[in-house]
There are 2 protein chains.
Amino acid sequence: MSEGSPERERGVLAKAFDVLAAFEGSRDGLVLVELARRAGLPLTTVHRLASDMVRQQVLERLPDRRYVVGRRLWQLGLLARVQGGLRDVALPFMQDLYEATRENVHLAIRDGDQALYLERLHGRSSVPLVSRAGGLLPLHATGVGKVLLAHAPPEVVDQVIKNAEKVTPYTVTEPGRLLRELAEVRRREYARTVQEMTLGTCSVAVPVRDPDGIVLAAIGLVTTTRREPTRHLAALRMAAAGIARDLARRPGGKSTT
Amino acid sequence: MSEGSPERERGVLAKAFDVLAAFEGSRDGLVLVELARRAGLPLTTVHRLASDMVRQQVLERLPDRRYVVGRRLWQLGLLARVQGGLRDVALPFMQDLYEATRENVHLAIRDGDQALYLERLHGRSSVPLVSRAGGLLPLHATGVGKVLLAHAPPEVVDQVIKNAEKVTPYTVTEPGRLLRELAEVRRREYARTVQEMTLGTCSVAVPVRDPDGIVLAAIGLVTTTRREPTRHLAALRMAAAGIARDLARRPGGKSTT
DNA sequence: CTAAACACTTCCACTCTGCGGAAGCGCCGC
DNA sequence: GCGGCGCTTCCGCAGAGTGGAAGTGTTTAG
(Lines give C-alpha, C1' and ligand atoms only; values in the text may rest on other atoms or scores of the structure.)
Protein backbone atom coordinates (compact mmCIF):
# COMPACT_ATOMS: atom_id res chain seq x y z
CA MET A 1 0.00 0.00 0.00
CA SER A 2 1.02 3.57 -0.45
CA GLU A 3 0.91 4.62 3.18
CA GLY A 4 4.62 4.37 3.78
CA SER A 5 4.04 2.30 6.88
CA PRO A 6 4.80 -1.34 7.60
CA GLU A 7 3.06 -3.37 4.94
CA ARG A 8 1.38 -5.46 7.64
CA GLU A 9 -0.53 -2.33 8.54
CA ARG A 10 -3.10 -3.11 5.89
CA GLY A 11 -4.42 -6.37 7.28
CA VAL A 12 -8.01 -7.35 7.71
CA LEU A 13 -8.45 -5.34 10.88
CA ALA A 14 -7.09 -2.16 9.37
CA LYS A 15 -9.39 -2.56 6.40
CA ALA A 16 -12.37 -3.17 8.66
CA PHE A 17 -11.73 0.08 10.47
CA ASP A 18 -11.27 1.86 7.15
CA VAL A 19 -14.76 0.69 6.32
CA LEU A 20 -16.14 1.92 9.63
CA ALA A 21 -14.34 5.22 9.23
CA ALA A 22 -16.14 5.71 5.93
CA PHE A 23 -19.32 6.38 7.90
CA GLU A 24 -17.84 9.48 9.48
CA GLY A 25 -18.85 11.71 6.63
CA SER A 26 -22.18 10.01 6.19
CA ARG A 27 -25.56 10.99 7.59
CA ASP A 28 -27.98 8.48 6.14
CA GLY A 29 -25.93 5.37 5.63
CA LEU A 30 -24.04 4.22 2.55
CA VAL A 31 -24.71 1.76 -0.24
CA LEU A 32 -21.99 -0.81 -0.86
CA VAL A 33 -20.39 0.87 -3.85
CA GLU A 34 -20.22 4.22 -2.04
CA LEU A 35 -18.84 2.53 1.07
CA ALA A 36 -16.09 0.94 -1.02
CA ARG A 37 -15.30 4.22 -2.68
CA ARG A 38 -15.01 6.07 0.63
CA ALA A 39 -13.04 3.28 2.27
CA GLY A 40 -10.64 3.18 -0.67
CA LEU A 41 -10.98 -0.58 -1.00
CA PRO A 42 -12.12 -2.96 -3.76
CA LEU A 43 -15.82 -3.70 -3.94
CA THR A 44 -15.47 -7.40 -3.25
CA THR A 45 -13.32 -6.81 -0.22
CA VAL A 46 -15.78 -4.34 1.24
CA HIS A 47 -18.67 -6.64 0.42
CA ARG A 48 -17.08 -9.42 2.42
CA LEU A 49 -15.99 -7.20 5.34
CA ALA A 50 -19.38 -5.49 5.49
CA SER A 51 -21.17 -8.83 5.48
CA ASP A 52 -18.97 -10.06 8.32
CA MET A 53 -19.68 -6.90 10.31
CA VAL A 54 -23.40 -7.17 9.67
CA ARG A 55 -23.22 -10.68 11.11
CA GLN A 56 -21.50 -9.18 14.19
CA GLN A 57 -24.15 -6.43 14.35
CA VAL A 58 -21.39 -3.89 14.07
CA LEU A 59 -23.02 -2.74 10.84
CA GLU A 60 -26.63 -3.05 9.84
CA ARG A 61 -28.00 -3.37 6.33
CA LEU A 62 -31.30 -1.63 5.75
CA PRO A 63 -33.97 -2.93 3.37
CA ASP A 64 -33.02 -0.21 0.87
CA ARG A 65 -29.45 -1.59 0.66
CA ARG A 66 -27.85 1.13 2.70
CA TYR A 67 -25.47 0.13 5.48
CA VAL A 68 -25.46 1.98 8.77
CA VAL A 69 -23.35 1.60 11.89
CA GLY A 70 -24.97 -0.98 14.14
CA ARG A 71 -25.82 -1.11 17.76
CA ARG A 72 -23.06 -3.51 18.67
CA LEU A 73 -20.44 -0.92 17.81
CA TRP A 74 -22.36 1.63 19.83
CA GLN A 75 -22.42 -0.71 22.82
CA LEU A 76 -18.73 -1.53 22.57
CA GLY A 77 -17.90 2.14 22.04
CA LEU A 78 -19.65 3.03 25.27
CA LEU A 79 -17.21 0.81 27.14
CA ALA A 80 -14.57 3.41 26.46
CA ARG A 81 -13.98 5.76 29.33
CA VAL A 82 -12.64 8.59 27.24
CA GLN A 83 -10.37 10.86 29.23
CA GLY A 84 -10.82 8.59 32.22
CA GLY A 85 -14.57 8.86 32.31
CA LEU A 86 -14.55 12.64 32.35
CA ARG A 87 -17.84 12.76 30.51
CA ASP A 88 -19.62 10.77 33.19
CA VAL A 89 -18.31 13.02 35.94
CA ALA A 90 -19.20 16.15 33.98
CA LEU A 91 -22.66 15.17 32.82
CA PRO A 92 -24.61 16.22 35.94
CA PHE A 93 -22.90 19.62 35.88
CA MET A 94 -23.67 19.99 32.20
CA GLN A 95 -27.30 19.24 32.97
CA ASP A 96 -27.34 21.88 35.67
CA LEU A 97 -25.79 24.33 33.21
CA TYR A 98 -28.35 23.46 30.57
CA GLU A 99 -31.18 23.97 33.06
CA ALA A 100 -29.81 27.32 34.13
CA THR A 101 -29.25 28.65 30.63
CA ARG A 102 -31.32 26.57 28.16
CA GLU A 103 -28.44 26.84 25.70
CA ASN A 104 -26.18 24.32 23.96
CA VAL A 105 -23.65 22.96 26.43
CA HIS A 106 -20.39 21.46 25.17
CA LEU A 107 -17.63 19.46 26.78
CA ALA A 108 -14.53 18.98 24.66
CA ILE A 109 -10.94 17.83 24.91
CA ARG A 110 -8.01 18.43 22.63
CA ASP A 111 -7.30 15.63 20.18
CA GLY A 112 -4.17 16.56 18.30
CA ASP A 113 -5.00 19.76 16.46
CA GLN A 114 -8.76 19.48 16.85
CA ALA A 115 -11.45 19.67 19.52
CA LEU A 116 -13.10 16.34 20.27
CA TYR A 117 -16.57 16.81 21.68
CA LEU A 118 -17.20 14.47 24.60
CA GLU A 119 -20.77 15.54 25.05
CA ARG A 120 -23.28 18.04 23.89
CA LEU A 121 -26.50 18.86 25.68
CA HIS A 122 -29.22 20.87 24.11
CA GLY A 123 -32.93 21.36 24.31
CA ARG A 124 -35.56 21.67 21.72
CA SER A 125 -35.33 25.43 21.91
CA SER A 126 -31.52 25.56 21.69
CA VAL A 127 -29.99 26.96 18.53
CA PRO A 128 -29.15 24.10 16.13
CA LEU A 129 -25.43 23.41 15.73
CA VAL A 130 -23.04 21.24 13.74
CA SER A 131 -21.29 19.87 16.82
CA ARG A 132 -22.04 16.39 18.10
CA ALA A 133 -20.63 14.04 20.69
CA GLY A 134 -17.74 12.15 19.14
CA GLY A 135 -17.27 14.83 16.51
CA LEU A 136 -14.19 16.93 15.81
CA LEU A 137 -14.14 20.66 15.14
CA PRO A 138 -11.29 23.12 14.65
CA LEU A 139 -9.54 24.43 17.74
CA HIS A 140 -9.14 27.94 16.35
CA ALA A 141 -12.78 28.51 15.45
CA THR A 142 -14.71 27.34 18.51
CA GLY A 143 -14.98 28.59 22.07
CA VAL A 144 -14.00 25.32 23.71
CA GLY A 145 -11.33 24.97 21.04
CA LYS A 146 -9.71 28.30 21.87
CA VAL A 147 -9.57 27.38 25.55
CA LEU A 148 -7.90 24.08 24.68
CA LEU A 149 -5.51 25.73 22.26
CA ALA A 150 -4.57 28.43 24.76
CA HIS A 151 -3.28 25.68 27.04
CA ALA A 152 -1.73 23.44 24.39
CA PRO A 153 2.00 22.81 23.87
CA PRO A 154 3.70 25.42 21.62
CA GLU A 155 4.17 22.97 18.75
CA VAL A 156 0.44 22.35 18.65
CA VAL A 157 -0.26 26.09 18.69
CA ASP A 158 2.20 26.60 15.83
CA GLN A 159 0.65 23.82 13.78
CA VAL A 160 -2.91 25.03 14.31
CA ILE A 161 -2.03 28.63 13.51
CA LYS A 162 -0.12 27.62 10.42
CA ASN A 163 -3.06 25.63 9.11
CA ALA A 164 -5.87 27.88 10.33
CA GLU A 165 -8.57 28.40 7.73
CA LYS A 166 -11.70 30.45 7.74
CA VAL A 167 -14.90 28.55 8.43
CA THR A 168 -17.01 31.71 8.18
CA PRO A 169 -15.94 35.18 7.04
CA TYR A 170 -15.54 36.04 10.74
CA THR A 171 -13.16 33.22 11.62
CA VAL A 172 -9.94 34.65 13.05
CA THR A 173 -6.98 33.11 11.19
CA GLU A 174 -4.28 35.82 11.27
CA PRO A 175 -1.39 34.45 13.37
CA GLY A 176 -0.72 37.62 15.35
CA ARG A 177 -4.33 38.16 16.16
CA LEU A 178 -4.84 34.53 17.15
CA LEU A 179 -1.81 34.56 19.44
CA ARG A 180 -3.06 37.74 21.14
CA GLU A 181 -6.46 36.11 21.59
CA LEU A 182 -4.91 33.01 23.14
CA ALA A 183 -2.91 35.14 25.55
CA GLU A 184 -6.13 36.92 26.50
CA VAL A 185 -7.85 33.56 27.04
CA ARG A 186 -5.09 32.55 29.45
CA ARG A 187 -5.25 35.89 31.25
CA ARG A 188 -8.98 36.06 31.83
CA GLU A 189 -9.60 32.31 31.89
CA TYR A 190 -12.31 32.20 29.27
CA ALA A 191 -12.75 32.34 25.52
CA ARG A 192 -15.46 34.07 23.59
CA THR A 193 -16.19 33.75 19.89
CA VAL A 194 -18.64 35.51 17.59
CA GLN A 195 -19.83 33.76 14.43
CA GLU A 196 -16.47 32.08 13.82
CA MET A 197 -17.81 28.52 13.48
CA THR A 198 -21.44 29.15 12.56
CA LEU A 199 -23.05 32.35 11.38
CA GLY A 200 -25.57 33.69 13.85
CA THR A 201 -24.05 32.05 16.90
CA CYS A 202 -21.51 32.99 19.52
CA SER A 203 -19.95 31.09 22.34
CA VAL A 204 -18.16 31.25 25.64
CA ALA A 205 -16.00 28.55 27.22
CA VAL A 206 -13.84 28.01 30.29
CA PRO A 207 -11.14 25.47 31.19
CA VAL A 208 -11.70 22.35 33.27
CA ARG A 209 -8.56 21.58 35.26
CA ASP A 210 -7.28 18.48 37.00
CA PRO A 211 -6.03 18.60 40.60
CA ASP A 212 -2.59 19.62 39.33
CA GLY A 213 -4.06 22.54 37.45
CA ILE A 214 -3.55 20.95 34.04
CA VAL A 215 -6.32 21.81 31.55
CA LEU A 216 -8.04 18.53 30.74
CA ALA A 217 -11.09 19.81 28.92
CA ALA A 218 -13.15 22.88 28.17
CA ILE A 219 -16.79 23.43 28.89
CA GLY A 220 -18.76 26.00 26.93
CA LEU A 221 -22.07 27.41 25.85
CA VAL A 222 -23.24 28.36 22.39
CA THR A 223 -26.06 30.84 21.90
CA THR A 224 -27.48 32.93 19.11
CA THR A 225 -25.83 36.31 18.57
CA ARG A 226 -28.96 37.88 20.01
CA ARG A 227 -28.10 36.46 23.42
CA GLU A 228 -24.75 37.46 24.91
CA PRO A 229 -23.15 34.25 26.20
CA THR A 230 -20.70 35.85 28.63
CA ARG A 231 -23.57 36.64 30.96
CA HIS A 232 -23.43 32.95 31.79
CA LEU A 233 -19.75 33.07 32.71
CA ALA A 234 -20.36 32.65 36.44
CA ALA A 235 -22.50 29.58 35.84
CA LEU A 236 -19.87 28.12 33.50
CA ARG A 237 -17.15 28.65 36.07
CA MET A 238 -19.25 27.02 38.75
CA ALA A 239 -19.80 24.00 36.54
CA ALA A 240 -16.09 23.77 35.71
CA ALA A 241 -15.17 24.06 39.39
CA GLY A 242 -17.67 21.37 40.31
CA ILE A 243 -16.30 19.00 37.69
CA ALA A 244 -12.76 19.66 38.89
CA ARG A 245 -13.79 19.02 42.47
CA ASP A 246 -15.45 15.70 41.62
CA LEU A 247 -12.44 14.66 39.54
CA ALA A 248 -10.17 15.38 42.48
CA ARG A 249 -12.32 13.29 44.77
CA ARG A 250 -12.17 10.14 42.69
CA PRO A 251 -9.90 7.28 43.80
CA GLY A 252 -7.76 7.51 40.67
CA GLY A 253 -7.85 11.24 41.03
CA LYS A 254 -6.43 11.70 37.57
CA SER A 255 -7.35 10.78 34.06
CA THR A 256 -5.70 7.80 32.41
CA THR A 257 -4.54 9.53 29.25
CA MET B 1 -13.61 -24.08 16.12
CA SER B 2 -16.26 -25.69 18.22
CA GLU B 3 -19.02 -23.17 17.73
CA GLY B 4 -21.00 -25.18 15.25
CA SER B 5 -21.27 -22.22 12.92
CA PRO B 6 -19.74 -21.65 9.50
CA GLU B 7 -16.01 -22.15 9.90
CA ARG B 8 -15.33 -18.80 8.31
CA GLU B 9 -17.07 -17.27 11.28
CA ARG B 10 -13.84 -17.36 13.24
CA GLY B 11 -11.81 -15.06 11.05
CA VAL B 12 -9.74 -12.16 12.18
CA LEU B 13 -12.70 -9.84 12.47
CA ALA B 14 -14.68 -12.22 14.65
CA LYS B 15 -11.71 -12.66 16.92
CA ALA B 16 -11.17 -8.93 17.15
CA PHE B 17 -14.73 -8.43 18.30
CA ASP B 18 -14.33 -11.29 20.75
CA VAL B 19 -11.46 -9.32 22.22
CA LEU B 20 -13.53 -6.14 22.40
CA ALA B 21 -16.43 -8.04 23.93
CA ALA B 22 -14.12 -9.16 26.72
CA PHE B 23 -14.22 -5.62 28.08
CA GLU B 24 -17.92 -5.87 28.76
CA GLY B 25 -17.46 -7.40 32.15
CA SER B 26 -14.50 -5.22 32.98
CA ARG B 27 -14.40 -2.00 34.93
CA ASP B 28 -10.76 -1.06 35.11
CA GLY B 29 -9.23 -2.51 32.00
CA LEU B 30 -7.59 -5.89 31.48
CA VAL B 31 -4.04 -7.14 31.33
CA LEU B 32 -3.14 -9.22 28.30
CA VAL B 33 -3.40 -12.62 29.91
CA GLU B 34 -6.80 -11.80 31.39
CA LEU B 35 -7.97 -10.38 28.07
CA ALA B 36 -6.96 -13.62 26.33
CA ARG B 37 -8.71 -15.68 28.96
CA ARG B 38 -11.96 -13.73 28.66
CA ALA B 39 -11.83 -13.65 24.89
CA GLY B 40 -11.21 -17.39 24.78
CA LEU B 41 -8.26 -16.99 22.43
CA PRO B 42 -4.57 -17.90 22.57
CA LEU B 43 -2.25 -15.38 24.20
CA THR B 44 -0.22 -14.74 21.06
CA THR B 45 -3.29 -14.16 18.97
CA VAL B 46 -4.69 -11.67 21.44
CA HIS B 47 -1.31 -9.98 21.74
CA ARG B 48 -1.21 -9.39 18.02
CA LEU B 49 -4.86 -8.32 17.73
CA ALA B 50 -4.60 -6.02 20.73
CA SER B 51 -1.44 -4.41 19.37
CA ASP B 52 -3.16 -3.81 16.04
CA MET B 53 -6.14 -2.25 17.79
CA VAL B 54 -3.90 -0.06 19.93
CA ARG B 55 -2.35 1.20 16.73
CA GLN B 56 -5.87 2.01 15.49
CA GLN B 57 -6.67 3.70 18.85
CA VAL B 58 -9.54 1.29 19.23
CA LEU B 59 -7.82 0.03 22.36
CA GLU B 60 -5.41 1.86 24.57
CA ARG B 61 -2.62 0.36 26.65
CA LEU B 62 -2.00 2.07 29.96
CA PRO B 63 1.44 2.41 31.57
CA ASP B 64 0.49 -0.33 34.04
CA ARG B 65 -0.05 -2.79 31.17
CA ARG B 66 -3.80 -2.78 31.32
CA TYR B 67 -5.73 -2.38 28.10
CA VAL B 68 -8.85 -0.26 27.96
CA VAL B 69 -11.27 0.52 25.17
CA GLY B 70 -9.98 3.53 23.25
CA ARG B 71 -11.51 6.72 22.07
CA ARG B 72 -11.59 5.68 18.43
CA LEU B 73 -14.09 2.95 19.18
CA TRP B 74 -16.11 5.45 21.17
CA GLN B 75 -16.13 7.85 18.25
CA LEU B 76 -17.08 5.19 15.72
CA GLY B 77 -19.72 3.84 18.07
CA LEU B 78 -21.35 7.25 18.25
CA LEU B 79 -21.93 7.11 14.52
CA ALA B 80 -24.56 4.49 15.19
CA ARG B 81 -28.08 5.82 15.27
CA VAL B 82 -29.47 3.09 17.47
CA GLN B 83 -33.16 2.63 16.92
CA GLY B 84 -33.04 5.31 14.26
CA GLY B 85 -31.61 7.98 16.49
CA LEU B 86 -34.27 7.56 19.14
CA ARG B 87 -31.84 8.57 21.85
CA ASP B 88 -31.16 11.94 20.25
CA VAL B 89 -34.87 12.67 19.90
CA ALA B 90 -35.57 11.57 23.47
CA LEU B 91 -32.69 13.31 25.21
CA PRO B 92 -34.31 16.76 25.63
CA PHE B 93 -37.41 15.11 27.11
CA MET B 94 -35.26 13.04 29.42
CA GLN B 95 -33.55 16.23 30.55
CA ASP B 96 -36.92 17.83 31.25
CA LEU B 97 -37.93 14.75 33.20
CA TYR B 98 -34.71 14.81 35.19
CA GLU B 99 -35.21 18.49 35.99
CA ALA B 100 -38.76 17.89 37.13
CA THR B 101 -37.97 14.88 39.30
CA ARG B 102 -34.23 14.86 40.07
CA GLU B 103 -34.31 11.08 39.76
CA ASN B 104 -32.56 8.56 37.52
CA VAL B 105 -34.11 8.64 34.07
CA HIS B 106 -33.82 5.64 31.76
CA LEU B 107 -34.54 5.05 28.11
CA ALA B 108 -34.38 1.42 27.00
CA ILE B 109 -35.32 -0.81 24.08
CA ARG B 110 -35.75 -4.54 23.91
CA ASP B 111 -32.74 -6.44 22.63
CA GLY B 112 -33.73 -10.07 22.38
CA ASP B 113 -34.56 -11.14 25.91
CA GLN B 114 -32.93 -8.17 27.62
CA ALA B 115 -33.37 -4.44 28.07
CA LEU B 116 -30.73 -2.36 26.29
CA TYR B 117 -30.30 1.03 27.91
CA LEU B 118 -30.02 3.77 25.31
CA GLU B 119 -29.43 6.48 27.84
CA ARG B 120 -29.42 7.15 31.53
CA LEU B 121 -29.56 10.60 33.08
CA HIS B 122 -28.89 11.17 36.70
CA GLY B 123 -27.72 13.89 39.02
CA ARG B 124 -25.30 13.90 41.84
CA SER B 125 -28.16 13.43 44.27
CA SER B 126 -29.81 10.58 42.37
CA VAL B 127 -29.70 7.13 43.90
CA PRO B 128 -26.71 5.19 42.48
CA LEU B 129 -27.65 2.36 40.12
CA VAL B 130 -26.08 -0.48 38.15
CA SER B 131 -27.62 0.60 34.84
CA ARG B 132 -25.57 2.41 32.21
CA ALA B 133 -25.99 3.50 28.63
CA GLY B 134 -25.10 0.60 26.38
CA GLY B 135 -25.72 -1.88 29.18
CA LEU B 136 -28.16 -4.77 29.28
CA LEU B 137 -30.41 -5.71 32.18
CA PRO B 138 -33.13 -8.34 32.55
CA LEU B 139 -36.54 -7.57 31.15
CA HIS B 140 -38.41 -9.23 34.02
CA ALA B 141 -36.68 -7.35 36.84
CA THR B 142 -36.72 -3.71 35.73
CA GLY B 143 -39.47 -1.16 35.17
CA VAL B 144 -38.52 -0.35 31.60
CA GLY B 145 -37.98 -4.05 31.05
CA LYS B 146 -41.47 -4.99 32.13
CA VAL B 147 -42.96 -2.41 29.79
CA LEU B 148 -40.91 -3.81 26.92
CA LEU B 149 -41.75 -7.39 27.84
CA ALA B 150 -45.47 -6.63 28.10
CA HIS B 151 -45.37 -5.63 24.44
CA ALA B 152 -43.03 -8.32 23.18
CA PRO B 153 -43.96 -11.25 20.91
CA PRO B 154 -45.29 -14.32 22.80
CA GLU B 155 -42.17 -16.37 22.10
CA VAL B 156 -40.02 -13.75 23.77
CA VAL B 157 -42.35 -13.65 26.77
CA ASP B 158 -42.20 -17.45 27.03
CA GLN B 159 -38.42 -17.46 26.85
CA VAL B 160 -37.97 -14.73 29.43
CA ILE B 161 -40.43 -16.30 31.84
CA LYS B 162 -38.86 -19.71 31.45
CA ASN B 163 -35.42 -18.32 32.26
CA ALA B 164 -36.44 -15.74 34.85
CA GLU B 165 -34.14 -15.70 37.86
CA LYS B 166 -34.18 -13.70 41.02
CA VAL B 167 -31.83 -10.75 41.15
CA THR B 168 -32.98 -9.80 44.65
CA PRO B 169 -35.24 -11.73 47.02
CA TYR B 170 -38.08 -9.51 45.75
CA THR B 171 -37.66 -10.28 42.06
CA VAL B 172 -40.89 -11.72 40.65
CA THR B 173 -40.09 -14.93 38.76
CA GLU B 174 -43.21 -17.08 39.15
CA PRO B 175 -44.72 -17.51 35.66
CA GLY B 176 -48.35 -16.98 36.64
CA ARG B 177 -47.58 -13.91 38.65
CA LEU B 178 -45.35 -12.43 35.94
CA LEU B 179 -48.00 -12.98 33.27
CA ARG B 180 -50.61 -11.26 35.42
CA GLU B 181 -48.23 -8.36 35.97
CA LEU B 182 -47.61 -8.02 32.24
CA ALA B 183 -51.36 -7.99 31.56
CA GLU B 184 -51.69 -5.26 34.17
CA VAL B 185 -48.88 -3.28 32.51
CA ARG B 186 -50.72 -3.44 29.21
CA ARG B 187 -54.02 -2.44 30.83
CA ARG B 188 -52.83 0.59 32.76
CA GLU B 189 -49.95 1.50 30.44
CA TYR B 190 -47.21 1.59 33.05
CA ALA B 191 -45.00 -0.76 35.04
CA ARG B 192 -43.94 -0.39 38.62
CA THR B 193 -41.30 -2.43 40.44
CA VAL B 194 -40.17 -2.51 44.04
CA GLN B 195 -36.64 -3.66 44.87
CA GLU B 196 -36.61 -6.26 42.09
CA MET B 197 -33.35 -5.17 40.49
CA THR B 198 -31.66 -3.30 43.36
CA LEU B 199 -32.52 -3.36 47.02
CA GLY B 200 -33.74 -0.01 48.27
CA THR B 201 -34.98 1.22 44.92
CA CYS B 202 -38.22 1.16 43.01
CA SER B 203 -39.16 2.25 39.55
CA VAL B 204 -41.93 3.28 37.20
CA ALA B 205 -41.86 3.15 33.41
CA VAL B 206 -44.16 3.84 30.47
CA PRO B 207 -44.08 2.87 26.79
CA VAL B 208 -42.82 5.08 23.98
CA ARG B 209 -44.78 4.33 20.82
CA ASP B 210 -44.14 5.00 17.16
CA PRO B 211 -46.80 6.63 14.96
CA ASP B 212 -48.34 3.20 14.33
CA GLY B 213 -48.68 2.57 18.04
CA ILE B 214 -45.86 0.00 18.16
CA VAL B 215 -43.87 0.12 21.39
CA LEU B 216 -40.36 1.15 20.41
CA ALA B 217 -38.89 1.87 23.80
CA ALA B 218 -39.69 2.47 27.43
CA ILE B 219 -38.87 5.48 29.52
CA GLY B 220 -38.68 5.20 33.26
CA LEU B 221 -37.62 6.61 36.59
CA VAL B 222 -35.83 4.91 39.44
CA THR B 223 -36.03 6.26 42.96
CA THR B 224 -35.32 5.08 46.46
CA THR B 225 -38.09 3.16 48.16
CA ARG B 226 -38.65 6.19 50.36
CA ARG B 227 -39.95 8.14 47.38
CA GLU B 228 -42.94 6.73 45.56
CA PRO B 229 -42.12 6.86 41.83
CA THR B 230 -45.70 6.65 40.53
CA ARG B 231 -46.28 10.21 41.65
CA HIS B 232 -44.21 11.13 38.61
CA LEU B 233 -46.44 9.15 36.25
CA ALA B 234 -47.97 12.23 34.63
CA ALA B 235 -44.54 13.67 33.92
CA LEU B 236 -43.37 10.35 32.47
CA ARG B 237 -46.37 10.15 30.20
CA MET B 238 -45.82 13.70 29.01
CA ALA B 239 -42.22 12.87 28.19
CA ALA B 240 -43.23 9.73 26.34
CA ALA B 241 -45.91 11.61 24.40
CA GLY B 242 -43.43 14.33 23.48
CA ILE B 243 -40.91 11.81 22.22
CA ALA B 244 -43.61 10.05 20.19
CA ARG B 245 -44.71 13.36 18.71
CA ASP B 246 -41.18 14.33 17.69
CA LEU B 247 -40.61 10.88 16.23
CA ALA B 248 -43.75 11.23 14.16
CA ARG B 249 -42.65 14.62 12.88
CA ARG B 250 -39.34 13.41 11.51
CA PRO B 251 -38.96 12.93 7.73
CA GLY B 252 -38.35 9.20 8.08
CA GLY B 253 -41.16 9.08 10.55
CA LYS B 254 -40.18 5.60 11.64
CA SER B 255 -37.17 3.89 13.07
CA THR B 256 -34.92 1.89 10.81
CA THR B 257 -34.93 -1.36 12.74
C1' DC C 1 -40.34 -0.68 -24.64
C1' DT C 2 -35.47 -0.98 -24.73
C1' DA C 3 -30.83 0.02 -23.75
C1' DA C 4 -27.66 1.81 -20.60
C1' DA C 5 -26.25 2.48 -16.10
C1' DC C 6 -25.92 1.04 -11.64
C1' DA C 7 -25.70 -1.91 -7.54
C1' DC C 8 -24.67 -6.12 -6.06
C1' DT C 9 -23.40 -11.19 -5.81
C1' DT C 10 -20.68 -15.13 -6.73
C1' DC C 11 -16.69 -17.52 -8.47
C1' DC C 12 -12.07 -19.15 -7.90
C1' DA C 13 -6.95 -19.39 -8.58
C1' DC C 14 -3.63 -17.67 -5.93
C1' DT C 15 -0.96 -15.01 -2.47
C1' DC C 16 0.70 -13.97 1.76
C1' DT C 17 -1.52 -12.96 6.26
C1' DG C 18 -2.40 -14.67 10.46
C1' DC C 19 -1.71 -18.54 13.31
C1' DG C 20 -0.23 -20.15 18.12
C1' DG C 21 3.05 -23.22 20.77
C1' DA C 22 7.48 -22.79 22.32
C1' DA C 23 11.21 -20.40 24.07
C1' DG C 24 12.97 -16.77 26.37
C1' DC C 25 13.01 -12.23 29.03
C1' DG C 26 12.01 -9.23 32.89
C1' DC C 27 9.81 -8.35 37.15
C1' DC C 28 7.92 -9.46 41.60
C1' DG C 29 7.10 -11.91 45.83
C1' DC C 30 8.64 -15.09 49.14
C1' DG D 1 17.79 -17.79 44.60
C1' DC D 2 13.71 -19.66 42.88
C1' DG D 3 9.07 -19.97 41.27
C1' DG D 4 5.30 -17.62 39.35
C1' DC D 5 3.51 -14.37 36.37
C1' DG D 6 3.02 -11.32 32.45
C1' DC D 7 4.69 -10.52 28.24
C1' DT D 8 7.41 -10.65 23.75
C1' DT D 9 9.37 -12.73 19.77
C1' DC D 10 10.08 -16.44 16.56
C1' DC D 11 8.73 -18.86 12.36
C1' DG D 12 7.02 -22.60 9.12
C1' DC D 13 2.99 -23.12 6.90
C1' DA D 14 -2.15 -23.78 6.30
C1' DG D 15 -5.82 -21.70 4.80
C1' DA D 16 -8.09 -17.11 5.23
C1' DG D 17 -8.56 -13.46 2.55
C1' DT D 18 -7.86 -11.38 -1.91
C1' DG D 19 -10.09 -8.87 -5.89
C1' DG D 20 -10.93 -8.94 -11.01
C1' DA D 21 -14.17 -10.90 -13.88
C1' DA D 22 -18.52 -12.47 -15.02
C1' DG D 23 -23.14 -12.56 -14.27
C1' DT D 24 -27.78 -11.10 -12.16
C1' DG D 25 -31.27 -7.90 -11.05
C1' DT D 26 -33.07 -3.24 -10.70
C1' DT D 27 -33.56 1.46 -11.98
C1' DT D 28 -33.37 5.21 -15.08
C1' DA D 29 -33.44 7.68 -19.34
C1' DG D 30 -34.72 8.17 -23.95
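Order of the sequence lines fixes the chain letters, A, B, ..., with proteins taken first and strands second; residue numbering starts at 1 for each chain.
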Applying the side chain to side chain contact (heavy atoms under 4.5 Å, CB included) criterion to A:Val12, which one of A:Leu49, A:Thr45, A:Asp52 satisfies it?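 Single pass found, and it is A:Leu49.
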
Name of the residue among A:Val82, A:Val208, A:Val215 meeting side chain to side chain contact (heavy atoms under 4.5 Å, CB included) with A:Ile109: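 Answer to the side chain to side chain contact (heavy atoms under 4.5 Å, CB included) test with A:Ile109 among A:Val82, A:Val208, A:Val215: A:Val82.
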
Closer to the 5' end of DNA chain C via nearest nucleotide, is it A:Leu30 or A:Val12?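 Closer to the 5' end of DNA chain C: A:Leu30.
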
Quick check on [N]: is either OP1 or OP2 less than 4.0 Å from any side-chain nitrogen or oxygen of [X]?
| X | N | result |
| --- | --- | --- |
| A:His47 | C:dC8 | no |
| B:Lys15 | C:dC19 | yes |
| A:Thr45 | D:dG19 | yes |

Distances for protein N or O near nucleotides 11-15 of chain D N or O, under 3.5 Å:
none

Indicate, with a heavy-atom threshold strictly under 4.0 Å, whether A:Arg37 touches base, sugar-phosphate, or nothing.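 The answer is nothing, as A:Arg37 stays clear of every strand by at least 4.0 Å.
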
Closest nucleotide of DNA chain D for B:Tyr67 versus for A:Leu49: which of these residues is on the 5' side?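 Looking at the nearest nucleotide for each, B:Tyr67 comes out on the 5' side.
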
Taken to the nearest 0.5 Å, the spacing of B:Ser26 OG from B:Arg38 CZ works out to 5.5 Å

From OG1 (A:Thr44) to CG (A:Leu32), nearest 0.5 Å: 9.0 Å

Salt-bridge present (A:Glu24, B:Arg72; N to O < 4.0 Å): yes

Is the shortest distance from a Lys or Arg side-chain nitrogen in B:Lys15 or B:Asp18 to a carboxylate oxygen in the other one below 4.0 Å?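 No.
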
Atom pair distance, as rounded to whole Å: [atom1] in [X] and [atom2] in [N]:
| X | N | atom1 | atom2 | result |
| --- | --- | --- | --- | --- |
| A:Leu62 | C:dC8 | CG | P | 12 Å |
| A:Leu13 | C:dG18 | CG | P | 8 Å |
| B:Arg38 | D:dG6 | CZ | P | 13 Å |
| A:Glu34 | C:dA5 | CD | P | 19 Å |
| B:Asp18 | C:dG20 | CG | P | 12 Å |
| A:Leu35 | D:dG19 | CG | P | 14 Å |

For B:His106 and B:Ser131, which I'm curious about, is there any donor-acceptor pair between the side chains at under 3.5 Å?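 A donor-acceptor contact under 3.5 Å links the two side chains.
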
Under 3.5 Å between N/O atoms: give me all the protein pairs with nucleotides 20-27 of chain D, atom names plus distance.
residue : atom : partner : partner atom : Å
D:dG20  : N7   : A:Thr44 : OG1          : 3.2
D:dG20  : O6   : A:Thr44 : OG1          : 3.2

Flag if over 12 foreign heavy atoms under 6.0 Å of CD, B:Glu165: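 No, the 6.0 Å shell around CD holds no more than 12 heavy atoms from other groups.
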
Any sub-3.5 Å donor-acceptor pair from A:Thr171's side-chain atoms to A:Glu196's backbone N or O?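 Between the backbone of A:Glu196 and the side chain of A:Thr171 there is a qualifying donor-acceptor contact (under 3.5 Å).
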
